[in-house]
Colleague: 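One structure is given below, represented as structure tokens, and several questions about it will come after.
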Amino acid sequence: MNVPEPVLDLARSARRVAVLTGAGMSAESGVPTFRDAQTGLWENFDATALATPAAWADDPATVWAWYQWRVALVRRVQPNAGHRALTDWARAAHVQIVTQNVDDLHERAGSHEVTHLHGSLFAPRCSRCERAVDLPDPPEDPVARLDPPSCPACGGDGRPGVVWFGEMLPQDPWETATESLREADLLLVVGTSGVVYPAAGLPSLARSHGVPVVQIDPRETDLSDQVDHAWRTTAAVGLPALVDALRIGTDTPR
Ligand code: OAD
């Protein structure tokens, strides 16, 4: 895979790299993206309809079962070569990952600077008192409905620790994201359709601070006209090719 020269030049000179990732980052690990058709048991459900406060209020057991299906799926898959390439790059530059994903694949690939804008599958909390709730093991086989865990402190229903449509993003991750984008020498946008705000506004925020933006996505997206270089490749092909081209020695101290 040849890395476009302008992308390689920007990467070579970048000391502080910000990476905004979306579902496409995990696609080659086997995690369906949001806009892919749901698979299996959930093929008749629209993910954007389930990830809402209304769906939770209406039927917590269906929503909880769906998220536990996703927990089981993420536990079965592995980080891909794209996740690992970002970990390698962090040996030679400061790499701050800002992800919309609720999986833990960046962390399992060894990335330490990971900010979750939309929360995490692995951090359920009480829907009443907001305290953290232990994540029960998902059932062996997918089920259509599953009672959510009870909060040990107040008895409320434990809910997925993710941001649902219409909910506010957690403040600290947002501040970390905007600060790291403002200070970056390069922003890579990997695998996001750029349809969900405020995350989708981050590339134009970076550019307004003079930060060059490179998109890695096999398709044209809403963000493609807001980037300096749209590199039509995938996360697990493009990122390893880019990091290989940077010739980061295995003994490169950070
Ligand atoms: P989408 O499913 O909207 O977009 C996935 C993007 O990844 C698309 O642009 C694909 O072209 C691209 N893509 C697919 N395979 C890829 C690959 N192998 N390598 C690189 N790119 C690939 O997912 P998101 O943009 O992440 O919000 O969705 C944003 C938010 O919408 C999610 O965080 C979620 C969802 O509703 C909440 O849960 C609040």
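We count ligands from 1, going down the list as the structure has it; atoms in each ligand are counted the same way. A quick note: this is a predicted structure, and the numbers were derived from the prediction, not measured.
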Colleague: Evaluate Ala235 for polar contact with ligand 1, using N/O atom pairs at a separation under 3.5 Å.
Modeller: yes
Colleague: Is any N or O atom of Ser193, backbone or side chain, closer than 3.5 Å to an N or O atom of ligand 1?
Modeller: yes
Colleague: Using a heavy-atom cut-off of under 4.0 Å, does the side chain or the backbone of Thr221 touch ligand 1, or both, or neither?
Modeller: side chain
Colleague: Run down the list Met25, His118, Glu167, Gln215 and name the one with the heavy atom closest to atom 33 (O) of ligand 1.
Modeller: His118
Colleague: Could you tell me whether Glu140 atom CD has more than 12 heavy atoms of other residues or ligands within 6.0 Å of it?
Modeller: no
Colleague: Do the side chains of Leu73 and Trp64 join up, straight or via other hydrophobic residues, at under 4.5 Å, putting them in one cluster?
Modeller: yes
Colleague: Looking at Arg15 and Glu183, is there a salt bridge between them, counting it only when a charged N and a carboxylate O are closer than 4.0 Å?
Modeller: no
Colleague: Quick test of your reading of the model: are Asp59 and Arg145 salt-bridged, counting only N-O distances below 4.0 Å?
Modeller: yes
Colleague: Taking atom 24 (P) of ligand 1 as the point of reference, which of Ile216, Leu20, Asp217, Thr192 owns the nearest heavy atom?
Modeller: Thr192
Colleague: Which of the atoms in ligand 1, numbered in the order shown and given with their element, are less than 4.0 Å from a heavy-atom of Ala23?
Modeller: 23 (O), 24 (P), 26 (O)
Colleague: Looking only at non-hydrogen atoms, which of Trp231, Trp164, Phe165 approaches atom 36 (O) of ligand 1 most closely?
Modeller: Phe165
Colleague: Do Ala51 and ligand 1 have an N or O pair less than 3.5 Å apart?
Modeller: no
Colleague: What atoms of ligand 1 come within less than 4.0 Å of a heavy atom belonging to Arg219?
Modeller: 8 (C), 9 (O), 11 (O)
Colleague: Between the candidates Leu223, Val163, Val162, which shows the shortest non-hydrogen contact distance to atom 38 (O) of ligand 1?
Modeller: Val163
Colleague: Over 60° means perpendicular and under 30° means parallel, so classify the ring planes of His106 and His83, tilted if in between.
Modeller: perpendicular
